[in-house]
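It should be emphasised that the depicted structure is a prediction, and the values quoted were computed from it without experimental measurement. Indexing begins at 1, ligand by ligand and atom by atom, following the structure's order.
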Amino acid sequence: MTTTTRAIAAPAPGAALEPTTIERRDLRADDVLIDIAFAGICHSDIHQAREEWGRAIFPMVPGHEIAGMVAAIGEGVTEYRVGDRVGVGCMVDSCGECEHCRADSEQFCVRGNVQTYNGVGFDGENTYGGYSQQIVVKDSFVCRIPDGIGLDVAAPLLCAGITTYSPLRRWGAGPGKKVAVVGLGGLGHIGVKLAAALGAEVTVLSQSLKKQEDGLRLGATEYFATSDESTFKQLRGRFDLILNTVSAPLPVDSYLSLLRPGGAMVNVGAPSEPLSYSAFSLIGGNRVLAGSMIGGIAETQEMLDFCAQHGIGAEIELVTGEQVNTAYERVQNSDVRYRFVIDTATLGG
Ligand code: NAP
Ligand code: ZN
C-alpha cells in the first residue's frame with residue numbers, strides 16, 4: 001500500500017499549478033519517508049514546468065529544495081531516525097558504481113542521475129518533487145540539516161546553496177580573491193553570502209541598483225548596475241572569478257572583459273537560449289569560461305555544515321500553495337527577495 005500525499009502540480013507545459021494528490025512508494029529497506037515542511041521555488045522549476053529546457057514529464061510536481069523531518073525509515077536505514085531534520089536536493093538516485101558516483105559526483109552518473117522530479121527512477125516510475133507533503137527517498141540521497149539552521153531558510157540551500165558553493169570552492173573563492181556574482185536572485189544572494197563567508201571580496205553585478213542595500217548587507221563590498229555602460233569600463237580586468245547566476249542569456253564578451261588574466265567566468269544560470277562569445281575574449285588573457293552543475297551529495301552535506309557554522313540561510317518569502325503561480329511570475333520578472341519557499345502545511349490535508 002502506497003502513501004497518498006497532497007501536492008501541487010503543473011498538468012501541462014506552462015499551465016498553472018493546481019492542487020492534486022500523488023502516491024509515494026512503500027519504503028524499501030534503504031528508504032526514508034520525509035514529512036516535507038518547506039520547499040523552495042528554484043528558477044529551474046519554472047524552466048521545466050514551462051518546458052523551456054525541452055520535453056518534460058507531466059503532470060509535474062516540481063521542487064528540489066526540500067526540508068523536513070524523517071517520518072519513517074526502512075528496515076536497513078542506520079543513518080537516520082524518525083524526527084531527524086533532513087533535506088533533499090536535485091537528485092534522488094544514481095547507479096552508485098560508476099567512476100563519477102564513486103568520486104562523490106553523482107550528478108555525473110554515467111547512467112544518468114535520477115532527478116527529484118521530471119525524472120524516471122531506475123524502477124521505471126516517474127519522480128515527483130517537493131511541492132508536496134511527503135516524499136520517499138533513498139537514504140544515501142538524504143542530507144542532514146544541522147540544528148543551527150531553520151528548516152525554512154535551509155530548504156533553498158539544497159539547490160541554490162550547493163550550486164553556488166561548489167564552483168566557489170572549485171575556483172578558489174577565498175581571501176585575496178575578487179569575486180563578482182551576476183544576478184541577485186535565489187542563487188545569487190546565497191552566492192554572495194557564501195563567497196563572503198569564504199573570505200573573498202564580493203561585488204554584485206545586477207541589472208539595476210534597486211537591491212544595492214540588500215547586496216551590501218548580504219556581504220558584498222561593491223554593487224554595480226549592468227544597465228550602466230560605464231560599469232564595464234570601470235571594472236575592466238578586475239575579477240578573479242565571475243559567477244553567473246542569470247536565467248537569461250548575457251553578452252558574454254562584456255563579462256569576460258571584466259576578468260583578470262587567468263580569471264574564470266563560471267555559468268550556473270541555465271537559459272534555454274544559447275550563449276555566444278568571441279574566441280579572442282578568452283585568448284586575450286588566458287581566460288576560462290566554465291559551467292557547473294549542482295554538486296555531489298557529500299559536498300552538499302559539507303555546504304550545509306559550512307552554512308550552519310557561518311549562520312547562513314536563505315532570505316525567504318514564505319508562500320502558500322495558492323500563491324505559487326504568482327510567485328512564478330514574480331521570479332520571472334526578477335521580483336524575488338530572494339527565494340520563495342512554500343509552506344507545505346498550506347497544501348491542505
Ligand atoms: P532567479 O531567482 O530568477 O535569479 C536570477 C537573477 O538573474 C534575477 O533575480 C536577476 O537578478 C537576473 N536576471 C534575470 N533575468 C535577467 C536578464 N534578462 N538579464 C540580466 N539579468 C537577469 O533564478 P535562480 O533560481 O537563482 O536560478 C538562476 C538560474 O540558475 C536559472 O537559469 C536556473 O535554472 C539555474 N540553475 C542552475 C543550476 C545548476 O546546477 N547549474 C542549479 C539551479 C539553478 P538582478 O535583478 O539582480 O539582475
Ligand atoms: Zn534548483
Any nitrogen or oxygen of [X] lying under 3.5 Å from a nitrogen or oxygen in ligand 1? Just yes or no.
{"X": "Leu184", "result": "yes"}
{"X": "Gly188", "result": "no"}
{"X": "Tyr338", "result": "no"}
{"X": "Ala248", "result": "no"}
{"X": "Val268", "result": "yes"}
{"X": "Ile294", "result": "yes"}

* Salt-bridge contact Arg169-Glu299 (side-chain N to carboxylate O under 4.0 Å) ->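 Here Arg169 does not pair with Glu299 in a salt bridge, since their nearest N and O are not under 4.0 Å apart.
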Consider ligand 1: state whether an atom of it lies below 4.0 angstrom from any non-hydrogen atom of [X].
{"X": "Ala160", "answer": "no"}
{"X": "Arg339", "answer": "yes"}
{"X": "Trp53", "answer": "yes"}

* How does Lys210 reach ligand 1, if at all, at less than 4.0 Å between non-hydrogen atoms: by side chain, backbone, both, or neither? ->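 No part of Lys210 comes within reach of ligand 1.
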* To do: For ligand 1, indicate whether the residue Cys90 contacts it via side chain, backbone, both or neither (heavy-atom separation under 4.0 Å).
  =>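 For Cys90, there is no contact with ligand 1 at all, from either part.
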* Hey, would you say the Phe232 and Tyr255 ring centroids sit under 6.0 Å apart? ->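 Yes - the distance between ring centres of Phe232 and Tyr255 falls below the 6.0 Å cut-off.
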* Of all the atoms in His64, is at least one N, O or S atom closer to the Zn ion (ligand 2) than 2.8 Å? ->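 A backbone or side-chain N, O or S atom of His64 is under 2.8 Å from the Zn ion (ligand 2).
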* To do: Please say whether the positively charged group of Arg111, taken as NZ for Lys or CZ for Arg, lies over the ring of Phe122, i.e. under 6.0 angstrom from the six-membered ring centre and within 45 degrees of the axis.
  =>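 Relative to the ring axis of Phe122, which defines the angle, Arg111 lies inside both limits.
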